[in-house]
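These notes concern the structure reproduced below.
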There are 2 protein chains.
Amino acid sequence: MSASHTPEDVHDRCAHCVGRRLSVCSSIDDCDLAILANESSRMTVADGRSFIEEGAPANDFFVVTGGRVKLFTLLPDGRRQITGFAEGGHFLGLAASTSYAFGAEALGGATLCRFPHAGMQRLTERFPNLEHRLREEASRELALMQARMTLLGRKTARERVATFLIERCQHLEKPDLSHPVELDLPMPRTDIADYLGLTIETVSRILSAFKKEKLISIRSITHITLLMPERISTIAEGME
Amino acid sequence: MSASHTPEDVHDRCAHCVGRRLSVCSSIDDCDLAILANESSRMTVADGRSFIEEGAPANDFFVVTGGRVKLFTLLPDGRRQITGFAEGGHFLGLAASTSYAFGAEALGGATLCRFPHAGMQRLTERFPNLEHRLREEASRELALMQARMTLLGRKTARERVATFLIERCQHLEKPDLSHPVELDLPMPRTDIADYLGLTIETVSRILSAFKKEKLISIRSITHITLLMPERISTIAEGME
DNA sequence: TACCAGACTTGATTCAGGTCAATGTGATGG
DNA sequence: CCATCACATTGACCTGAATCAAGTCTGGTA
């Protein structure tokens, strides 16, 4: 235990963390939380600041404990593919062997919990269930990526934007497509475009088209209401 | 031990399998091979036959022990995205929660080793290292998918085809881009197109263009020689 | 040897989405 | 309250890849 924390402090840090509810940390018993806390450290990242460099040696895992981050890969000439957005509870760093396969930066400020690989290994040795939980996390991510590859390889711009809107719905606590849904889109259009493999102009045009078709209403740049979520979902699946 | 196999048989089945060298099975000691064999069963799949149905309950893992398979997802109207090709040693089935996130079928005939989830769980309980190995496998796959998303979202047709050719090189035993490389492309153009998010016409045209530019020579439909692998690699990275 | 079917290539044309260029909007600070 | 700046929208035009439509090649078979 460090000089700056009593065991109580350390225990509490993990006990009240979103990761405790949502992430891999749930596989550790209350009584062992101090061990978990001792292998991890908190950090905050300011808006737009990068905390994982693509290609850098992969030394840490991260859990997003607050705010949002974006994950991306770059081509040498600067073209960017955003491979995902992550928020509270999301586990980061599995897509890496010796070096990270992606970069990551905060989207409007984020807090993270960092687990050095060595510490994580001590944890998995002590709590075998954690290793299983990590694999589950990787599996979930793999399944998502299958869908995203289909989006990028085979869907039209309209279908991509519709899929994005529906995805956002499903990140809400009670996803329900049978009634209008209010969405907050915290990322700029550039990020949406780079996530969907489109340009900002195309994203903008399609949102405008959806508005004209009364599928959505745009209350402000970040605040969109899906008026007919089920129709949008149909478009998203390419069945329109 | 079953009626049809002596323990020796069972042991040998795993001992001489490519999975033993290349796949997750390498995390189990020689002396325990019989246990591994007892939790798995061999199967062969004829060319074009499907053995994983997208959306079906995920009950098994598979190791490719011979031949090749293709993995894909479908849209309701039949558009297809091939998410990967797998050959000897490849572990399949991690991209699934309760149901498979992808379909799989043999490409020119394949042999597989099937591990029911229940049996795999018994194995991971007995051999904790195996669970770690599964996670590594998932991480490797995740890293590959990052690159594939960038290809599908941000690369031009020319860059995609070049990337595909270079990827094929790297599947050879001694990848070396400093000299001409002979490649065998066992998949039809349709599969290449569905893998790259293009049409067969575009794939065909670009291969023809590469031929005209003396970057490759096409000895037969399946047999291509990369004359200037490093130039192709440069194109693949978008730096041409 | 000729025929056929399926896979591939090539060419002509179209079109979805990109590019380039204004214009609009809304938050911040003087 | 206006100027500024970054971001978003809209419009005109262009282009890379899709689509549509012939050919061509290959291997199997009779």
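We name chains A, B, ... by the order of the sequence lines, and we start the count at 1 in each one. Because the structure is a prediction, the values reported are computed rather than measured.
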Q: Sugar-phosphate atoms are those with a prime plus P, OP1 and OP2; base atoms are the rest. Using that split, label each nucleotide of nucleotides 13-22 of chain C B, S or - for protein heavy atoms under 4.0 Å, 5' to 3'.
A: ----SSBB--
Q) For the pair made of CG in A:L185 and P in D:dC7, what is the distance, rounded to whole Å? A) 16 Å
(Q) Does any part of the side chain of B:F115, heavy atoms only, come nearer than 4.5 Å to the side chain of B:C25, both counted from C-beta? (A) yes
Q) Quick one: B:I218 CD1 to C:dC8 C1', roughly how many Å, whole number? A) 10 Å
Q: Take atom NE2 of A:H223 and atom P of C:dA27, then tell me their distance rounded to the nearest Å.
A: 14 Å
Q. Looking at A:S208, does any N or O in its side chain come under 4.0 Å of the phosphate oxygens OP1/OP2 on D:dT10?
A. yes
**Q.** Lys/Arg N to Asp/Glu carboxylate O, A:R80 vs A:E105, below 4.0 Å
**A.** no
Q: With sequence neighbours excluded, tell me which residues meet ring-ring contact (aromatic ring centres under 6.0 Å, His included) with A:H223.
A: none
(Q) Please determine whether a side-chain nitrogen of the Lys or Arg among A:D194 and A:K70 lies less than 4.0 Å from a carboxylate oxygen of the Asp or Glu. (A) no
**Q.** Spacing between B:I221 atom CD1 and D:dG28 atom P, to the nearest angstrom
**A.** 12 Å
Q.
Distance check needed: D:dA6 P versus A:D47 CG, whole Å only.
A. 14 Å
Q | Interatomic distance, B:I200 CD1 vs C:dG6 P [rounded to whole Å] | A | 14 Å
**Q.** Separation of C:dC8 C1' from B:D194 CG (nearest whole Å)
**A.** 15 Å
Q: State whether A:E141 and A:R148 are salt-bridged, where the test is any N-O pair (Lys NZ or Arg NE/NH1/NH2 against Asp/Glu carboxylate O) under 4.0 Å.
A: no
Q.
What is the distance, to the nearest angstrom, from the CE atom on A:M187 to the P atom on D:dA8?
A. 11 Å
Q | Over all atoms of both residues, closest heavy-atom pair of B:C169 and B:V181 | A | SG-CG1, 3.9 Å
